[in-house]
Amino acid sequence: FPNTFTCNNIGNNSVTLTVIDINGNATTCSTTLTIQDITPPTASCNPISVSLDFNGNASIVASDFGIGSTDNCTITSYNIDISSFTCSDISNNSLSVTLTLTDESSNTSSCSALVTVQDNMAPIAICQDYTASLDNNGTITVTGANIDGGSYDNCSITNYNVIPGTFICNDQGDHVVTMTITDESSNTSDCNATVTIVDSTPPAIVCHDITVQLDNGSVTITPADIDQSSSSDNCTLEPLTLSKSSFICSDVSINPVTVTMFAIDEAGNTANCSANVLVQDLTPPTAFCVGSVSIYLDGTINGGSASLAVSDVD
């Protein structure tokens with residue numbers, strides 16, 4: 001006695017044996033009976049999914065992972081080889097975690113299952129207003145880097161998309177754009193910003209020197225006469241103007257006249273260049289003579305004389 005044992009009797013137990021013969025004579029003896037548990041636990045692992053928190057971290061405990069595990073007595077320890085997860089584990093589709101069970105008799109058993117790490121948190125989109133200048137071709141592309149005001153995610157933002165993102169000269173002024181950000185798990189978030197499109201590029205003009213000749217005592221030049229190449233602007237160029245366009249006889253000299261050409265575009269950007277204009281008079285006078293002229297010698301003795309004036313023949 002006793003002759004029935006349970007998990008509670010693991011270890012040394014004192015038992016007494018009583019022997020009785022057919023005549024009723026009895027004798028007893030005692031001994032120590034050691035009860036052992038050599039049956040390992042039955043480990044049962046379940047695939048689970050965990051979601052990362054605001055800081056990009058997640059953790060599991062063995063009891064979450066080993067639901068259904070059993071032992072003939074008592075499981076005293078649940079241990080897993082990986083319990084903490086970060087953003088770097090998102091793309092690992094075969095993240096195997098091993099559970100090891102230990103019962104009160106130090107019997108062990110283990111199993112493995114997959115843990116799927118998920119990021120279900122959308123990024124936080126923060127926009128800022130932006131002023132964009134058209135380039136030399138009259139266009140500009142606004143990117144997420146231009147209007148991002150400090151967007152963040154618990155893991156990594158992989159894409160910034162701005163709509164509308166491309167602007168031309170006709171778009172000068174304010175426009176509301178939407179920036180959509182996407183993280184590595186395809187979670188999205190968006191925000192709005194005001195983009196101001198401006199043209200700050202001055203016109204491109206180059207002057208060259210010219211020589212002009214008077215015609216009937218005057219000559220007039222146009223901007224095209226001193227424009228070395230086709231003046232241009234990234235958007236719309238207003239008509240060119242000159243500081244001086246008309247010349248008369250008093251401008252004829254071996255020293256040229258400095259003329260400045262002015263350009264302005266529709267946005268008010270200006271540019272100018274200068275050219276030397278050499279004014280020449282290459283037209284000879286027109287002479288008209290009378291048909292005939294009579295002059296008379298004076299009365300001087302031994303050699304009469306007479307004088308002829310221009311006015312006599314003009």
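Below, each value reflects all heavy atoms present in this structure, side chains not excepted, and no hydrogens, waters or symmetry copies.
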Any idea which heavy atoms bring [X] and [Y] closest together, and the distance?
X: A132; Y: V142; result: CB-CG2, 4.2 Å
X: C207; Y: Q228; result: O-OE1, 3.4 Å
X: N192; Y: T178; result: OD1-OG1, 2.8 Å
X: G11; Y: N13; result: O-ND2, 3.0 Å
X: L52; Y: F85; result: CD2-O, 3.9 Å

Original post:
Other than F262, what residues sit in its cluster of Ile, Leu, Val, Met, Phe, Trp and Tyr side chains whose heavy atoms are under 4.5 Å apart, directly or through others?
Top reply: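 Hydrophobic cluster check, F262: no partners found.
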Original post:
So does L282 have more than 12 non-hydrogen atoms from other groups sitting under 6.0 Å from CG?
Top reply: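 Buried by this count: over 12 neighbours within 6.0 Å.
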Original post:
Is atom CG of N216 surrounded by more than 12 heavy atoms (other residues, nucleotides or ligands) closer than 6.0 Å?
Top reply: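 12 or below, so no.
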Starting at [atom1] of [X], measure out to [atom2] of [Y] and round the result to the nearest 0.5 Å.
X: L214; Y: I248; atom1: CG; atom2: CD1; answer: 9.0 Å
X: D265; Y: E238; atom1: CG; atom2: CD; answer: 8.0 Å
X: T283; Y: D215; atom1: OG1; atom2: CG; answer: 6.5 Å
X: L101; Y: C111; atom1: CG; atom2: SG; answer: 6.5 Å
X: S84; Y: N57; atom1: OG; atom2: CG; answer: 8.0 Å
X: N146; Y: T141; atom1: CG; atom2: OG1; answer: 9.5 Å

Side-chain contact test, heavy atoms from C-beta onward, threshold under 4.5 Å: evaluate it for [X] versus [Y] and give yes or no.
X: I126; Y: Q128; answer: no
X: I48; Y: I60; answer: yes
X: Q280; Y: V252; answer: no
X: T102; Y: E104; answer: no
X: D135; Y: N234; answer: no
X: V19; Y: L17; answer: yes
X: I157; Y: T182; answer: no
X: L134; Y: C235; answer: yes

Original post:
Does V219 share a hydrophobic cluster with I226, counting links as ILVMFWY side-chain heavy atoms below 4.5 Å and allowing steps through other members?
Top reply: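 Both belong to a single hydrophobic cluster.
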Original post:
Should I80 and I82 be counted in the same cluster of Ile, Leu, Val, Met, Phe, Trp and Tyr side chains packed under 4.5 Å apart?
Top reply: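 Yes, I80 connects to I82 through the hydrophobic network.
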Original post:
Only one of D199, V198, T201 clears side chain to side chain contact (heavy atoms under 4.5 Å, CB included) with N269; which?
Top reply: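 Exactly one pass, corresponding to D199.
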**OP:** For D53, check side chain to side chain donor-acceptor pair (under 3.5 Å) against everything at least two apart and list the hits.
**Re:**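 For D53, no residue satisfies side chain to side chain donor-acceptor pair (under 3.5 Å) once neighbours in sequence are set aside.
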Subject >> Under 3.5 Å donor-acceptor, S69 side chain and S44 backbone >> reply: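 Looks like yes, one N/O pair under 3.5 Å.
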Subject >> Candidate pair S274 and T260, rule side chain to side chain donor-acceptor pair (under 3.5 Å), full reasoning >> reply: CA-CA 4 Å; S274 295; T260 301; 3.2 Å; yes
**OP:** Please identify each residue that fulfils salt bridge (Lys or Arg N to Asp or Glu O under 4.0 Å) with D251, with sequence neighbours left out.
**Re:**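 D251: salt bridge (Lys or Arg N to Asp or Glu O under 4.0 Å) contacts with K244.
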Subject >> Stepwise side chain to side chain donor-acceptor pair (under 3.5 Å) test for S77 and N79 >> reply: CA-CA 6 Å; S77 174; N79 290 305; 2.8 Å; yes
**OP:** Sequence neighbours left out, what pairs pass ring-ring contact (aromatic ring centres under 6.0 Å, His included) with at least one residue falling in residues 117-174?
**Re:**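 Those involving residues 117-174 are F167-H175.
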Subject >> side chain to side chain contact (heavy atoms under 4.5 Å, CB included) against V15, all qualifying residues, sequence neighbours excluded >> reply: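 With sequence neighbours excluded, V15 shows a side chain to side chain contact (heavy atoms under 4.5 Å, CB included) to P2, F5, T31, L33, given in chain and number order.
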Original post:
What residues, two or more places apart in sequence or in another chain, satisfy side chain to side chain contact (heavy atoms under 4.5 Å, CB included) together with S88?
Top reply: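 Side chain to side chain contact (heavy atoms under 4.5 Å, CB included) check on S88 returns T86.
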**OP:** Quickly, which of D119, N55, N120 forms a side-chain hydrogen bond (donor to acceptor under 3.5 Å, both in side chains) with N154? Name it, please.
**Re:**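 Considering D119, N55, N120, a side-chain hydrogen bond (donor to acceptor under 3.5 Å, both in side chains) with N154 is found only for D119.
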Original post:
Would D174 and T196 count as a side chain to side chain donor-acceptor pair (under 3.5 Å) if you check the C-alpha gap in whole Å, the side-chain angles of each, and the deciding distance to 0.1 Å?
Top reply: CA-CA 4 Å; D174 292 340; T196 302; 2.6 Å; yes
**OP:** Apply side chain to side chain donor-acceptor pair (under 3.5 Å) to the pair T18 and T28, showing each step before the final yes or no.
**Re:** CA-CA 4 Å; T18 300; T28 62; 5.3 Å; no
